[in-house]
Visitor: 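Structure in structure tokens, see below.
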Amino acid sequence: MVEKSAPSLMSFKGGVLGPIEGENMRIAFNIVGAVLVFFGGVWVLQGVNVLPGSFMSGQMRWAVRGGIAVVAGIAVLVGANRKRKAAA
């Protein structure tokens with residue numbers, strides 16, 4: 001007797017149960033971008049001594065690195081969420 005299992009969520013692309021093609025990468029890029037923006041913001045605040053209590057507090061190099069991380073995170077978020085033309 002052969003048991004029949006439920007269909008895999010990943011094999012049902014484009015429907016209600018599963019992600020469409022490329023959706024997993026978009027989600028991953030959104031997570032990476034959000035993490036970069038969050039940690040970059042924390043680094044900026046620590047670098048300009050708004051969030052004291054760390055070895056980064058009051059050190060301008062961390063504010064600069066945090067600013068770079070924020071800009072990179074925003075670029076990743078914009079790139080992940082821009083509309084793409086359908087392949088012809």
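Positions are given from 1, in the same order as the sequence printed here.
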Visitor: Which donor-acceptor pairs under 3.5 Å do side chains of residues 28-41 form with protein atoms, sequence neighbours excluded?
Guide:
residue: N30; atom: OD1; partner: N81; partner atom: ND2; Å: 2.7
residue: N30; atom: ND2; partner: R26; partner atom: O; Å: 3.2
residue: N30; atom: ND2; partner: N81; partner atom: OD1; Å: 3.3

Visitor: Compile the donor-acceptor pairs under 3.5 Å between side chains in residues 49-59 and protein atoms, sequence neighbours left out, one pair per line.
Guide:
residue: S54; atom: OG; partner: M56; partner atom: N; Å: 3.2
residue: S57; atom: OG; partner: L51; partner atom: O; Å: 3.2
residue: S57; atom: OG; partner: G53; partner atom: N; Å: 3.2
residue: S57; atom: OG; partner: S54; partner atom: N; Å: 3.2
residue: S57; atom: OG; partner: S54; partner atom: O; Å: 3.3
residue: Q59; atom: OE1; partner: R61; partner atom: NE; Å: 3.1
residue: Q59; atom: OE1; partner: R61; partner atom: NH2; Å: 3.0
residue: Q59; atom: NE2; partner: F55; partner atom: O; Å: 3.2

Visitor: If you look at every heavy atom in W62 and G47, which pair is closest and at what distance?
Guide: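 Distance-wise, the nearest heavy atoms are CB-CA, 4.3 Å.
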
